[in-house]
Enquirer: 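Starting off with a structure, shown below.
Chain naming here is simple, since letters A, B, ... match the order of the sequence lines and numbering starts at 1 in each.
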Amino acid sequence: MKIKLTEDQYNRLLVENDKDFLDGKVEFPHIENKVNKFVVKLFNYIHQKEGPYVPSKNRDIHTIITRDFGLTNGEAKLLTHNYADLTLDGEVSDFNEFLGKPLEFYGEFKFNTRIPLSAYVNGNIDGWVTGHASSYEDFIEQLAQGDWEDIESDWSEEIDSFPEDAEWDIDSDYAWDMLKDEIADTKRHGDMQDVRDRIELM
Amino acid sequence: MKIKLTEEQYNRLLVENEKDFLDGDVNFKHIGNKVTPFVVRLFNIIAKKSQMTWDAQVRMIKNDFSLTEAEAVLLTYNFNNFKVQKGITDDFSSVLGEPLVYYGRFIFDTEVPVFGTVSGYIDGYAEAYATSYEEFLEQLQNGDVEVVPDWNNRVDSYDNDTEWEVDHDYAHDRVSDNTSDFSEEELDDFKDSVTIG
């Protein structure tokens, strides 16, 4: 299959950095940062297999890229995103027309932070159960039936608790709020570099 | 008011232990363990006030006869017992010398299960797919990210802040389980865990 280039596309392919995304922060082993012949072939193949693009096909497209083309998960995510982007405005019959077009970076970012947790914990404390009865036997019967009047404890006593058994869960609502507040505070103080330094690409 | 006694009632009043309940574990300051002329009089006065609730009867015995709460509860219980069992409506003279049934508050010492919610922090990260740092930052600001704890890290928790509550359902089951198979032989052990009053 021959691919025709405009002079502009040809020049761009010649002079620009072909590998890096995000000012050199990321590059991939098998793909470059522009639509090259391999990517055109890949997009045409997907189009042939999957037909017109709809977002629900993202998972299938991702699978085709990793399985049929042997690309990494990160590469497949990026190419799926760009494939969707290119077809967003309508049906594309031949992806040749995009040859040389920069690929948009799309990948997983992570921001290191502290996460609030909460857990349900159990313990025991000394206390007592009370009930009115006419004899010890009558009272035992009440206890056995769970038919007592009150259960109380002396909260000044120490609680034997078992925090090592705690099953921690993310305190999600608080986590969102804390994260938003943290970013907002940093922004207010104009120290975005601090936030930037804590962002990693996965 | 004069009270007539049969010979049997009179003898019982003379020879038996007049104070103790539950084999000597309890006795009261103002009342004995049998129906005395004072108790008959008290019952008769209560009987005249019809339609009184249990609590009102206890209150009246406490206030009008200067008895303790425990004494009032015991007498209220026995008053109602005689009423139902013997069908007495106004004059309780016939039960003079009859034993009073003990009825009072028992306290069983036990371990109470409690629960609470404990808070803590762990190092982790927020993650999302984005096309640029700027877009990711916007996602962070909008809370449009997934928060992932790194469970390999240690949780810093604050046990002291825990607000504990009694786990009533579990307490219910546990006390029942612990007491449902007491045998006669274990009664003495049980009594060691019980306070009356």
Enquirer: Using non-hydrogen atoms only, which part of A/D181 is less than 4.5 Å away from chain B: side chain, backbone, both, or neither?
Expert: neither
Enquirer: With a 4.5 angstrom heavy-atom cut-off, is it the side chain or the backbone of A/W176 that approaches chain B, or both, or neither?
Expert: side chain
Enquirer: Parallel, tilted or perpendicular: which one describes the rings of B/Y129 and A/Y106, with boundaries at 30° and 60°?
Expert: parallel
Enquirer: If you count heavy-atom pairs within less than 4.5 Å of chain A, which of B/Y170, B/F136, B/W151 leads?
Expert: B/F136
Enquirer: Would the number of heavy atoms belonging to other residues, nucleotides or ligands and lying under 6.0 Å from CG of A/D194 be above 12?
Expert: yes
Enquirer: Is chain A contacted by the side chain of B/Y133, its backbone, both, or neither, given a heavy-atom distance below 4.5 Å?
Expert: both
Enquirer: Tell me, side chain or backbone of A/L117 under 4.5 Å from chain B's heavy atoms, or both, or neither?
Expert: both
Enquirer: Do A/F69 and A/Y45 have ring centroids that are under 6.0 Å from one another?
Expert: yes
Enquirer: How long is the gap from CG on A/N73 to CD on A/E75, to the nearest 0.5 Å?
Expert: 9.5 Å
Enquirer: Select one option (side chain, backbone, both, neither) describing which atoms of A/I170 are under 4.5 Å from chain B's heavy atoms.
Expert: side chain
Enquirer: Would you check if there is a donor-acceptor pair between the side chains of A/D94 and A/H47 at a distance under 3.5 Å?
Expert: no
Enquirer: Begin with the C-alpha distance, continue with both residues' side-chain angles, and end with the deciding distance and a verdict on side chain to side chain donor-acceptor pair (under 3.5 Å) for A/D197 and A/Q193.
Expert: CA-CA 6 Å; A/D197 289 346; A/Q193 191 55 42; 2.9 Å; yes
Enquirer: Who among B/D123, B/T117, B/I122, B/L22 has the most heavy-atom pairs with chain A under 4.5 Å?
Expert: B/I122
Enquirer: Would the B/F190 and B/F108 ring centres measure less than 6.0 Å apart?
Expert: yes
Enquirer: Under a 4.5 Å heavy-atom cut-off, does chain B meet the side chain of A/V129, its backbone, both or neither?
Expert: both
Enquirer: Sort B/D109 into side chain, backbone, both or neither according to what part of it lies under 4.5 angstrom from a heavy atom of chain A.
Expert: both
Enquirer: Taking every non-hydrogen pair under 4.5 Å, which of B/A171, B/S132, B/P149, B/S176 racks up the most with chain A?
Expert: B/S176
Enquirer: Hey, is A/R188 close enough to A/D185 for a salt bridge, meaning N to O under 4.0 Å?
Expert: yes
Enquirer: Which bit of B/V26 comes within less than 4.5 Å of chain A, counting heavy atoms only: side chain, backbone, both or neither?
Expert: neither
Enquirer: Under 4.5 Å heavy-atom distance to chain A, tell me which part of B/F106 shows up: side chain, backbone, both or neither.
Expert: both
Enquirer: Report which part of A/E157 has an atom under 4.5 Å of a heavy atom belonging to chain B: side chain, backbone, both, or neither.
Expert: neither
Enquirer: Considering only heavy atoms, which portion of B/N142 lies under 4.5 Å from any heavy atom of chain A: side chain, backbone, both, or neither?
Expert: backbone
Enquirer: Verify the neighbour count for atom CZ of A/R59: are there more than 12 heavy atoms of other residues, nucleotides or ligands below 6.0 Å?
Expert: no
Enquirer: Counting only N and O atoms by type, is there a donor-acceptor contact under 3.5 Å from the side chain of A/H81 to the main-chain atoms of A/E104?
Expert: no
Enquirer: With a 4.5 angstrom heavy-atom cut-off, is it the side chain or the backbone of B/V175 that approaches chain A, or both, or neither?
Expert: both
Enquirer: Can a donor-acceptor pair be found, under 3.5 Å and without considering hydrogens, that links the side chain of A/K19 to the backbone of A/F28?
Expert: yes
Enquirer: Using a cut-off of under 4.5 Å for heavy-atom pairs, which of B/L187, B/T179, B/T131 has the most such pairs with chain A?
Expert: B/T131
Enquirer: So for A/R196, is it side chain, backbone, both, or neither that comes closer than 4.5 Å to the heavy atoms of chain B?
Expert: side chain
Enquirer: Please identify, among A/S134, A/A133, A/A144, the residue contributing the most non-hydrogen atom pairs under 4.5 Å to chain B.
Expert: A/A133
Enquirer: Measure distances from A/L143 to the heavy atoms of chain B and classify the residue's part below 4.5 Å as side chain, backbone, both or neither.
Expert: both
Enquirer: Using non-hydrogen atoms only, which part of A/D126 is less than 4.5 Å away from chain B: side chain, backbone, both, or neither?
Expert: both
Enquirer: Does any heavy atom of chain A fall under 4.5 Å from the side chain of B/L74, the backbone, both, or neither of them?
Expert: neither
Enquirer: So, does A/D150 use its side chain to make a donor-acceptor pair with the main chain of A/T130 at under 3.5 Å?
Expert: no
Enquirer: By a 4.5 Å heavy-atom criterion (distance strictly below it), what part of A/Y174 contacts chain B: side chain, backbone, both, or neither?
Expert: side chain
Enquirer: Taking side chain as everything from C-beta outward and backbone as N, CA, C, O, which of these in B/V114 sits under 4.5 Å from a heavy atom of chain A? Side chain, backbone, both or neither.
Expert: both
Enquirer: So for B/V194, is it side chain, backbone, both, or neither that comes closer than 4.5 Å to the heavy atoms of chain A?
Expert: side chain
Enquirer: If the plane angle is over 60° it's perpendicular, under 30° parallel, otherwise tilted; pick one for A/F95 and A/F98.
Expert: tilted
Enquirer: If we define contacts as heavy-atom pairs under 4.5 Å, which of B/V147, B/V73, B/N178 has the most with chain A?
Expert: B/V147
Enquirer: Look at B/S180, B/G124, B/G143 and state which one has the largest set of heavy-atom pairs under 4.5 Å with chain A.
Expert: B/G124
Enquirer: Picking from A/I159, A/L22, A/V26, which has the most non-hydrogen pairs under 4.5 angstrom with chain B?
Expert: A/I159
Enquirer: Should the pair B/R59-B/D55 be classified as a salt bridge under the 4.0 Å nitrogen-to-oxygen rule?
Expert: no
Enquirer: Please state whether the side chain, the backbone, both or neither of A/L201 comes within less than 4.5 Å of a heavy atom of chain B.
Expert: side chain
Enquirer: Need one label for B/E165: side chain, backbone, both or neither, based on atoms under 4.5 Å from any heavy atom in chain A.
Expert: backbone
Enquirer: For the interface with chain B, which of A/K180, A/Q142, A/R114 has the highest count of heavy-atom pairs at distances below 4.5 Å?
Expert: A/R114
Enquirer: Yes or no on side-chain contact (heavy atoms from CB on, under 4.5 Å) for A/L71 and A/F38, after CA distance, side-chain angles and deciding distance?
Expert: CA-CA 12 Å; A/L71 299 189; A/F38 169 71; 4.1 Å; yes
Enquirer: Just how far is it from atom CG of B/D91 to atom OG of B/S93, taken to the nearest 0.5 Å?
Expert: 3.5 Å
Enquirer: Which bit of A/A119 comes within less than 4.5 Å of chain B, counting heavy atoms only: side chain, backbone, both or neither?
Expert: both
Enquirer: Between B/R154 and B/D156, is there a side-chain N and carboxylate O pair less than 4.0 Å apart?
Expert: yes
Enquirer: I'd like to know whether the aromatic ring centres of B/F115 and A/Y120 sit less than 6.0 Å apart in this structure.
Expert: yes
